[in-house]
Amino acid sequence: MSAIETIHVDGEWRAAASGAEREVLDPADATTLATVAESDASDVDAAVAAARRAFDSGPWPRTPVAERAALLRRVADLLQRDREEIALTESRDTGKTLEAGRVDVDDVTAAFRYFADLVMNESGGRVVDAGSPDVHSVVVHEPVGVCSLITPWNYPLLQASWKVAPALAAGNTFVLKPSEVTPLSTVHLVRLLVEAGLPAGVANLVTGAGDPVGARMSEHPDVDLVSFTGGLASGTKVSQAAAPTVKKVALELGGKNPNVVFADACATDEGFDTAVDQALNAAFIHSGQVCSAGARLIVEESVRERFVAELARRAERIKLGRGTEPGVECGPLVSRQQWEKTRAYVESALAEGASLRCGGGQPEPAAHRPATGFFFAPTVLDQCHREMRVVREETFGPILTVETFRTEDEAVALANDTEYGLAGAVWSSDAGRARRVAGRLRHGTVWINDYHPYLPQAEWGGFGKSGVGRELGPTGLAEYREAKHIYQNLDPRPVRWFAG
Ligand code: NAD
């Protein structure tokens with residue numbers, strides 16, 4: 001495969017029909033990391049045509065489930081074989097640490113194995129009692145068809161795999177588009193699908209921009225489902241583009257996630273240390289470029305000063321640098337555009353009355369850190385309130401805002417006061433209170449005395465403007481299927497509705 005042949009259609013690697021290319025940057029120093037093909041709508045049309053043929057007349061949708069599951073397991077094994085190489089690619093492309101890249105490969109491996117097990121353990125169709133011994137009524141599930149899969153830049157391999165694994169397990173064919181900012185690990189994933197023996201035309205890949213490539217994938221009349229992970233603005237456009245052809249749409253969008261800390265969680269030194277440590281992790285892992293980042297700290301007034309002072313002290317000590325360098329805890333932001341967006345949020349917050357406890361922009365120069373990288377110092381903004389843009393909108397950067405409450409009801413109201421509803425956490429040593437509050441939070445994932453873990457067996461997705469549908473878990477597989485009711489009359493007779 002040459003450098004620019006990153007489009008995969010009908011089993012062949014190729015360059016863009018137009019010959020166009022795009023440079024992919026290393027965010028740690030802004031140098032060119034790789035060159036990829038820049039697709040346009042004609043490449044999408046070719047990829048959709050291949051996926052359509054493979055679905056309508058190819059073997060994959062009719063392949064026995066045991067063989068489909070075996071292929072997913074081979075992909076999982078190949079991911080582990082290439083673990084270091086993929087982790088390095090992901091680290092250099094996104095800026096995340098090498099260790100975070102390894103965690104992603106392991107998580108993705110688990111997702112492929114989970115969906116293989118899930119389809120193998122199914123009992124087939126569901127027999128429905130039609131109230132007559134002369135009727136056999138069964139509901140079966142069939143693949144939905146050709147899927148457009150569109151993913152963002154923060155967890156490229158992971159987001160692609162959460163779509164690819166269930167789509168394949170269910171017997172679909174697809175066209176996949178990674179973010180133009182971070183396409184490299186997805187190219188590797190498609191190489192592994194080919195190596196694992198997936199028939200030509202089942203997995204097609206286009207590399208290129210949201211518009212026109214993602215837009216064409218969303219509107220294409222021969223596509224049956226579009227599954228999109230990304231920002232609210234693009235997700236809205238995907239929905240609109242998909243509407244005229246009434247295709248199924250699944251959206252995993254952003255979040256503005258509350259991390260609610262009750263004073264009782266901080267009553268002991270150990271409890272305080274844990275809650276601060278996890279609030280730091282919630283907000284700043286991968287420099288805050290996480291859809292479920294705990295970007296809103298909602299802390300009980302009585303412990304606020306102690307909590308925020310310690311949090312800011314630790315945030316200032318986070319070691320920023322190139323993700324591949326040993327000892328580095330946080331990499332750069334993914335792009336200059338993301339850096340400028342983050343800085344603009346800090347400026348607007350300060351103009352609206354927030355107080356800066358640490359960070360706010362470029363970190364101090366350091367010998368180990370390239371001066372040209374998109375590094376942004378972890379930032380804590382105190383004295384925040386609901387009317388501020390920085391509290392309402394997803395910054396997707398290393399910014400933690402601090403709000404306070406006095407009562408449980410107030411904590412719940414603040415935590416739910418967002419148009420999003422992806423994830424949130426509650427910290428309390430009172431088990432009853434923690435469970436009560438978790439039950440009242442309008443978010444798709446709620447952690448109690450923890451932050452960030454997820455399981456392939458458990459659904460992931462959001463309430464409100466955080467999206468439509470779920471990934472992972474049984475629902476994550478159901479997204480890629482149509483239910484069909486087959487009603488068989490074993491003893492057909494005239495119904496005589498009409499006298500004749
Ligand atoms: P983005 O919306 O800019 O891009 C996401 C993908 O959509 C990219 O592949 C992009 O090329 C494509 N795209 C852009 N415009 C399009 C259009 N008009 N039609 C079709 N496709 C289009 O998002 P991003 O900046 O890459 O990623 C960050 C966002 O992703 C954040 O909002 C984050 O919260 C969200 N995200 C959500 C989850 C989740 O599970 N809910 C996970 C990761 C990221």
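Only heavy atoms go into these numbers, but all of them, side chains included; no hydrogens, no water, no symmetry mates. Order of appearance sets the numbers: ligands from 1, and atoms from 1 within every ligand.
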Seminar exercise, completed: A student checking ligand 1 against K237 at a 4.0 Å heavy-atom cut-off should list atoms 18 (N)

Seminar exercise, completed: Of all protein heavy atoms, the one nearest atom 9 (O) of ligand 1 is T151 O, 2.7 Å

Exercise. What do you reckon, is CD of E84 surrounded by more than 12 foreign heavy atoms closer than 6.0 Å?
Worked result: yes

Exercise. Given W162 and Y454, is the ring pair (Phe, Tyr, Trp, His ring centres under 6.0 Å) satisfied, shown in steps?
Worked result: CA-CA 12 Å; W162 286 11; Y454 60 87; 5.2 Å; yes

Seminar exercise, completed: for atom 41 (N) of ligand 1, nearest protein heavy atom and its distance come out as L253 O, 2.7 Å

Exercise. Are any of the N or O atoms of S234 closer than 3.5 Å to those of ligand 1?
Worked result: yes

Problem set entry | N/O donor-acceptor pair under 3.5 Å between E471 side chain and T229 backbone | no

For this session: Could you find the nearest protein heavy atom to atom 17 (C) of ligand 1 and give me its residue, atom name and distance?
Result: G210 O, 3.8 Å

Problem set entry | ligand 1 atoms in contact with V238 (distance to a heavy atom under 4.0 Å) | 19 (N), 20 (C)

Exercise. Is K177 salt-bridged to E180, going by a charged N under 4.0 Å from an acidic O?
Worked result: yes

Exercise. Mind checking whether S179 has a heavy atom under 4.0 Å from ligand 1?
Worked result: yes

Problem set entry | Sole residue of V146, V144, V226 in side-chain contact (heavy atoms from CB on, under 4.5 Å) with K247 | V226

Exercise. Of all the atoms in ligand 1, which lie at a distance below 4.0 Å from a heavy atom belonging to P178?
Worked result: 9 (O)

Seminar exercise, completed: Heavy-atom proximity to atom 7 (O) of ligand 1 ranks first, among F228, Y454, W153, for F228

For this session: Write out the residue and atom name of the closest protein heavy atom to atom 40 (O) of ligand 1, then the distance separating them to 0.1 Å.
Result: W460 NE1, 3.0 Å

Problem set entry | Taking atom 23 (O) of ligand 1 as the reference point, the nearest protein heavy atom with its distance | G231 N, 3.3 Å

Problem set entry | Protein residue, atom and distance nearest to atom 33 (C) of ligand 1, heavy-atom basis | F396 CE1, 3.2 Å

Problem set entry | SB check E479 R470 (cutoff 4.0 Å) | no

For this session: Run the contact test for Y155 against ligand 1 with a 4.0 Å cut-off on heavy atoms, strictly below, and give the result.
Result: no

For this session: Anything under 30° is parallel, anything over 60° is perpendicular, the rest tilted; go ahead and classify H452 against W447.
Result: perpendicular

Exercise. At a 4.0 Å cut-off, with the gap strictly under it, does some heavy atom of G462 reach an atom of ligand 1?
Worked result: no

Exercise. Any chance the rings of Y420 and H443 have centres within less than 6.0 Å?
Worked result: no

Problem set entry | F228 six-ring face occupied by K237 cation (under 6.0 Å, within 45°) | no

For this session: Report, as yes or no, whether the 6.0 Å neighbourhood of atom CZ on R336 holds more than 12 heavy atoms from other residues, nucleotides or ligands.
Result: no

Problem set entry | Protein contact to atom 39 (C) of ligand 1 [nearest heavy atom, distance to 0.1 Å] | C291 SG, 3.3 Å

For this session: Measure from the side-chain N and O atoms of T94 to the backbone N and O of E90, and report whether any donor-acceptor pair falls under 3.5 Å.
Result: yes

Exercise. Counting heavy atoms not belonging to R442, are there more than 12 under 6.0 Å from its CZ?
Worked result: no

For this session: Could you tell me whether ligand 1 has any atom less than 4.0 Å away from a heavy atom of G235?
Result: no

Exercise. Is the closest basic N to carboxylate O distance between E122 and R481 below 4.0 Å?
Worked result: yes

For this session: Under 4.0 Å, heavy atoms only, figure out whether ligand 1 is touched by the backbone of M217, its side chain, both or neither.
Result: neither

For this session: Apply side chain to side chain contact (heavy atoms under 4.5 Å, CB included) to V202 and L168, showing your working.
Result: CA-CA 8 Å; V202 177; L168 291 179; 3.6 Å; yes

Seminar exercise, completed: Looking only at protein heavy atoms, what sits closest to atom 32 (O) of ligand 1 is E394 OE1, 2.6 Å

For this session: Any atoms of ligand 1 less than 4.0 Å from a non-hydrogen atom of L422? List them with their elements.
Result: 41 (N)

Exercise. N154 heavy atoms, cut-off 4.0 Å: which ligand 1 atoms fall inside?
Worked result: 43 (C), 44 (C)

Exercise. In ligand 1, which numbered atoms sit nearer than 4.0 Å to a non-hydrogen atom of K177?
Worked result: 8 (C), 9 (O), 10 (C), 11 (O)

Problem set entry | Backbone or side-chain N or O of E180 under 3.5 Å from ligand 1 N or O | yes

Exercise. Given that the side chain starts at C-beta and the backbone is N, CA, C, O, which of these parts of E252 lies under 4.0 Å from ligand 1, counting heavy atoms, or is it both or neither?
Worked result: both

For this session: Using a strict 4.0 Å cut-off to heavy atoms of A215, name the atoms of ligand 1 that fall inside it.
Result: 19 (N), 20 (C)

